[in-house]
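To start, the structure itself, in structure tokens.
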Amino acid sequence: MDLWQKFCDMQAEFSKLYHAIAVLSWDQQTYMPVGGSEARAESLAYLQTLAHEKLISSKTKDLIYNLEYLKDDPEKGPIYNVVRREYEKAVKIPIALVTENAKTTSLAIAFWQEAKQKGDFSIFATHLEKVVTLQRQKAEVIGYDNEPYDALIDLYEPGMKTKDVEVIFKQLKEALIPLVMDITARQGKRPDLFNQDYAKKSQWDLGLKALQEMGFDFNRGRQDYSEHPFTISFDPSDVRITTNITTKSFPSSLYSSMHEGGHALYEQGIPGKWRHLAIGKAASIAVHESQSRMWENIVGRSKEYLSHLWPHIKTQFALELQTVDFDSFYQAINWVEPSLIRVNADEVTYDLHIFIRFELERDLLAGKLSVSDLPKAWDEKVESYLGIKVPNPAEGVLQDVHWAMGSIGYFPTYTLGNVIAAQFYQQARHEIPDLSQNIAVGNLSLLREWLREKIHQRGSILLPLQLLEEVCGSTLSVKPYLDYLKEKYLI
Ligand code: CO
């Protein structure tokens, strides 16, 4: 068997192993009875270690070494380079650190849950300190040019540097803080639509309608319930999403379906021929998030799409929305108001939550901020960016699971996703002149096909910024995003 075939077979082994890991994880978060958690955690940890060992094995190393001459090959080069990049990152991290990290974060998650429940940061503090120390060690073994945060952000956004993020965030911060003030000053009284029950079944059906119109392929995926909505791909032919439905707030289920649906279209759009190759996955976390946020916010909360859904919503929720007209409904869905909880934030204040997390985790990692000073630093930033006081740590520094999971460097991808979504969308509007008119009649296929061709079908053949350059002819820029927000909320 030739070496290239061996190289492809090796990737197929990984992909089958990850298929199993993904099914076990999906089940863990959807249908697994609580009693199964310990055994499931053990199985998952075992399989993940196995995958890591396989990736850094001498067999992988030999293949990469022997096939180096292919790195500039037009066809095989991109496939080779993705594997090589993953190998070079993984091989630097000793198995002992991987194991220690898994143990520490699973404990940290448990203590974080308790701390959040009791509103007591001290329960979580020592565990967070350990997590930060391990993440710092990880950054050291991976290596970086300027600061440890560079090494971690690169795990989610290949090629992205902390200082690039800093520049983008600074521009956004300077524009968004006054923009929020401008918008809130113009808003009248908040339409109160949500102080009643909305039937679960109707909410589920509304989410399904949106997914169908988006072109989610139910023969190659399904939707289930879970506490926290997520998307997981077993393979382009089987992509799972979940939604959460609370009866008191009906549009949130529609938007979690559209958000996860956006992620799922990306995964379903990966070419089937790449299913067992490392190249057959998304370009990066931020590019992934650009897809979910585009569908959720730019399309899902637009006047065009909501006016299309409105007659259907009026029928489904005839009693609940009896006295509500479209304008109040649209305003309620797009209400802007600084709030404490990131996941419930509107699209204009959302990024302010991300800046807080980015600045704090960067300082934690660099040793400029100690864990014991974190709650105070958090509260000060919330007051300065959002203008509100944090009443207790559960609604402040303890609200997100990310730090307990060791996902330092992940938060910026949410805002980068928003920025990239607006860049892609602006380009789509440019290339599809009647896009808005089509969305207004529920025809979402033009946008989906455009995204499929330009983004989904490329897998991770290009680095995120190369993809942006190729699709939009530009580098990362906040202008389309700020223009979109101003056009929507100020005109
Ligand atoms: Co998402």
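All ligand and atom numbering here is 1-based and tracks the order in the structure. Values in this document were obtained by computation on a predicted structure and should not be read as measured data.
- Checked by atom type, the side-chain pair Gln427/Glu431 shows a donor-acceptor distance below 3.5 Å.
- For the atom pair CG of Asp197 and NZ of Lys248, the computed distance is 4.0 Å after rounding to the nearest 0.5 Å.
- Look at His288 and the Co ion (ligand 1): no N/O/S atom of the residue is under 2.8 Å from the metal.
- For Glu289, the N/O/S atom at the shortest distance from the Co ion (ligand 1) is named OE1.
- When distances to the Co ion (ligand 1) are checked against a cut-off of 2.8 Å, Glu260 contributes no N, O or S atom below that limit.
- A side-chain donor from one of Glu213 and His308 sits under 3.5 Å from a side-chain acceptor of the other.
- Residues Pro391 and Leu340 come closest through the heavy atom pair CD-CD1, 3.4 Å.
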